[in-house]
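So the structure is just underneath, and the comments pick up after that.
Treat the numbers as computed from the prediction; the structure is a model and nothing was measured.
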Amino acid sequence: MARRLPPLNHLRMFEAAARHLSFRSAAEELNVTHAAVSHQIRALEERFGTQLFNRAARGVTLTEDAATLAAVLTEALDEIDAGVRNFQSKGLGGTVRISAVPWYISRVLLPNIDELYSDYPDLKVEFDFSYELANFQTDGLDAALRHGLGQWPGLTAIRIHHDLLAPLCGPALVEGRKLPLTPEEIAQLPLTAARGYEHVWTDWFDAVGRPELKPDKIMIFDNRALATEFAGTGNGVSLSDAPTDQDDLKAGRLVRLHPTAIRQDTGSHLVFPETPFEDPRLLRIAEWMQACFARLPTN
């Protein structure tokens, strides 16, 4: 007998929204717009002839029947995911060399590498720790983690995560001062930024409602990892990706100076040369990286 299922994409969006109790978080997980999630859930409600979510100004909650459906879908999708991963793991072996700055790898990826190897036991990833831009013609690399907008000629770029920037520094810089600092106090501190990204400080001061605070001088570094590492010494303040730095914040190696964080279009991407057929190992590695970053707290 033929199955009479609603569109599977509608069910997938409903399950993600139900799991997060947030249309926005579901959209980020599925890499679609908030409007797309809302539209497809509305379409599902029309098909079922019943409401799935109670919508309020403070968020959404599931109706009782929808909660039961969501639990069934989550279990079913988890089983499908496990089956697909098992199928994809067949024949996915060998060594993949990826260039990346240590800042990303040591904080987020290496602590979770066993998850990748559990799914793909014949696969091995070698990270080439470097601050230099990867050269795929001469360095023997398969891929690289690169920061930016994801637009590099000749390269396929898979977004791993968006930047969520907050002002961070080493505790020595603000020793004895009451946190959080005001935007005015932060503007008086030595500020750092990656070359070409000085505008993020303007974006941040705009976000806190103080656009008139224009830093007179910003120390420029070749990349944001170096800017953040310098800030960690207690000699400056970096607008750094707060989720990525959670371990340093918890350990007290970094302190957050203000609760406001700004989301940027920039972020980290797994990049590799464009080819007619993409290496399936790189696609699986990208999925693993996305999952690692998606679990990081955002507050």
Exercise for review: Rounded to the nearest 0.5 Å, what's the gap from CE on M289 to NE2 on H161? Could you check?
Suggested key: 11.0 Å
Check your understanding: Hey, does the side chain of R281 reach the backbone of G93 with a donor-acceptor pair shorter than 3.5 angstrom?
Key -> yes
Check your understanding: Which distance, rounded to the nearest 0.5 Å, do you find between the CD of Q290 and the CG of N31?
Key -> 7.5 Å
**Study point:** Rounded distance (nearest 0.5 Å) linking atom CD of E212 with atom CG of D206
**Key:** 9.5 Å
Exercise for review: Verify the neighbour count for atom CZ of R97: are there more than 12 heavy atoms of other residues, nucleotides or ligands below 6.0 Å?
Suggested key: yes
Extract all donor-acceptor atom pairs below 3.5 Å that involve side chains of residues 164-174 and protein atoms in other chains or at least two apart in sequence.
none

Point to revise | Chi angles and distances behind the salt bridge (Lys or Arg N to Asp or Glu O under 4.0 Å) call for R224, E229 | key: CA-CA 8 Å; R224 199 181 65 207; E229 289 179 0; over 6 Å; no
Practice item. State whether the number of non-hydrogen atoms from other residues, nucleotides or ligands found under 6.0 Å of H34 atom NE2 is greater than 12. Key: yes
Review point. Is a side-chain donor-acceptor pair under 3.5 Å present for S99 with S130?
Key: no
Review point. Is there a side-chain contact (heavy atoms from CB on, under 4.5 Å) between L191 and K217 once you walk through the steps?
Key: CA-CA 7 Å; L191 306 181; K217 186 177 181 181; over 6 Å; no
**Study point:** Same cluster (ILVMFWY, side-chain, under 4.5 Å), Y197 and W152
**Key:** no
Review point. Can you find a heavy atom in the side chain of L62 that is under 4.5 Å from one in the side chain of F14?
Key: yes
Exercise for review: Give a yes-or-no answer on whether the side chains of E15 and T74 include a donor-acceptor pair shorter than 3.5 Å.
Suggested key: yes
Check your understanding: Is atom NZ of K214 surrounded by more than 12 heavy atoms (other residues, nucleotides or ligands) closer than 6.0 Å?
Key -> yes
Review point. Given the rule that I, L, V, M, F, W and Y join up when any side-chain heavy atoms are under 4.5 Å apart, are L149 and F272 in one cluster?
Key: no
Check your understanding: Would you call K178-E185 a salt bridge at under 4.0 Å N-O?
Key -> no
Review point. Quick one: does E278's side chain get under 4.5 Å of L283's, heavy atoms only?
Key: yes
Exercise for review: Could you tell me whether the side chain of D241 and the main chain of T244 form a donor-acceptor pair under 3.5 Å?
Suggested key: yes
Review point. If we only count heavy atoms from C-beta on, is the L30 to M13 side-chain gap below 4.5 Å?
Key: yes
**Study point:** Within 6.0 Å of CD in Q51, more than 12 heavy atoms from elsewhere
**Key:** yes
Exercise for review: Can you establish whether the number of heavy atoms outside R47 located under 6.0 Å from its atom CZ is more than 12?
Suggested key: yes
Check your understanding: Among D163, T192, D248, D245, which one satisfies side-chain hydrogen bond (donor to acceptor under 3.5 Å, both in side chains) with S240?
Key -> D245
Study note, to complete from the structure: Correct closest heavy-atom pair for H10 and A43 would be CE1-CB, 3.7 Å
Review point. Checking side-chain contact (heavy atoms from CB on, under 4.5 Å) for the pair T95/D142: CA distance, chi angles, key distance, verdict?
Key: CA-CA 9 Å; T95 299; D142 297 292; over 6 Å; no
Review point. Any chain of hydrophobic side-chain contacts (each under 4.5 Å) joining V237 to M219?
Key: no
Practice item. Taking all heavy atoms of L282 and all of L270, pick out the closest pair and write down the distance. Key: O-CD2, 3.6 Å
Exercise for review: Search all heavy atoms of W204 against all heavy atoms of I186 and return the closest pair with its distance.
Suggested key: CH2-CD1, 3.7 Å
**Study point:** Interatomic spacing from CG in L69 to CG in L11 - rounded to 0.5 Å
**Key:** 7.0 Å
Check your understanding: Do the non-hydrogen side-chain atoms of L179 and L181 ever get within less than 4.5 Å of each other?
Key -> yes
Point to revise | Validation row: F48, P6 side chains within 4.5 angstrom (heavy atoms) | key: yes
Check your understanding: Between Q40 and N9, is a side-chain contact (heavy atoms from CB on, under 4.5 Å) present by the stated rule, with each step listed?
Key -> CA-CA 8 Å; Q40 296 206 23; N9 204 38; 3.6 Å; yes
**Study point:** Exam field: side chain H20 to backbone S22, donor-acceptor pair closer than 3.5 Å
**Key:** no
Practice item. Please test F221 against T228 for side-chain contact (heavy atoms from CB on, under 4.5 Å), starting from the C-alpha separation and ending with a verdict. Key: CA-CA 9 Å; F221 292 82; T228 300; over 6 Å; no
**Study point:** CD-CG distance between E198 and D203, expressed to the nearest 0.5 angstrom
**Key:** 11.5 Å
Exercise for review: For L116 and V125, work out which heavy atoms get closest and say how close.
Suggested key: CD2-CG2, 3.7 Å
**Study point:** Separation of R159 CZ from T266 OG1 (nearest 0.5 Å)
**Key:** 11.0 Å
Exercise for review: Show your reasoning for whether side-chain hydrogen bond (donor to acceptor under 3.5 Å, both in side chains) applies to N235 and T233.
Suggested key: CA-CA 6 Å; N235 292 296; T233 66; 2.8 Å; yes
**Study point:** Contact check, side chains of L123 and L92, non-hydrogen atoms, under 4.5 Å
**Key:** no
Check your understanding: Counting N and O atoms only, with roles assigned by atom type, does the side chain of E45 sit under 3.5 Å from a partner on the main chain of L52, one being a donor and the other an acceptor?
Key -> yes
Point to revise | Salt bridge R12-E29, side-chain N to carboxylate O under 4.0 Å | key: no
Point to revise | Shortest non-hydrogen separation from A261 to R256 and the atoms involved | key: CB-NH2, 3.5 Å
Check your understanding: Do H258 and P183 touch side chain to side chain, with heavy atoms closer than 4.5 Å?
Key -> yes
Exercise for review: Examine L21 and F23 and state if one hydrophobic cluster contains both, with Ile, Leu, Val, Met, Phe, Trp and Tyr joined whenever side-chain heavy atoms are less than 4.5 Å apart.
Suggested key: yes
Practice item. Please check if I285 and L141 belong to a single hydrophobic cluster, counting links between Ile, Leu, Val, Met, Phe, Trp and Tyr side chain heavy atoms closer than 4.5 Å. Key: no
Revision key, fill the gap. On a heavy-atom basis, the closest approach of P215 and W201 is CG-CB, 4.4 Å
Exercise for review: Taking the side chain as every heavy atom from C-beta outward, state whether N112 and R295 have any pair of such atoms under 4.5 Å apart.
Suggested key: yes
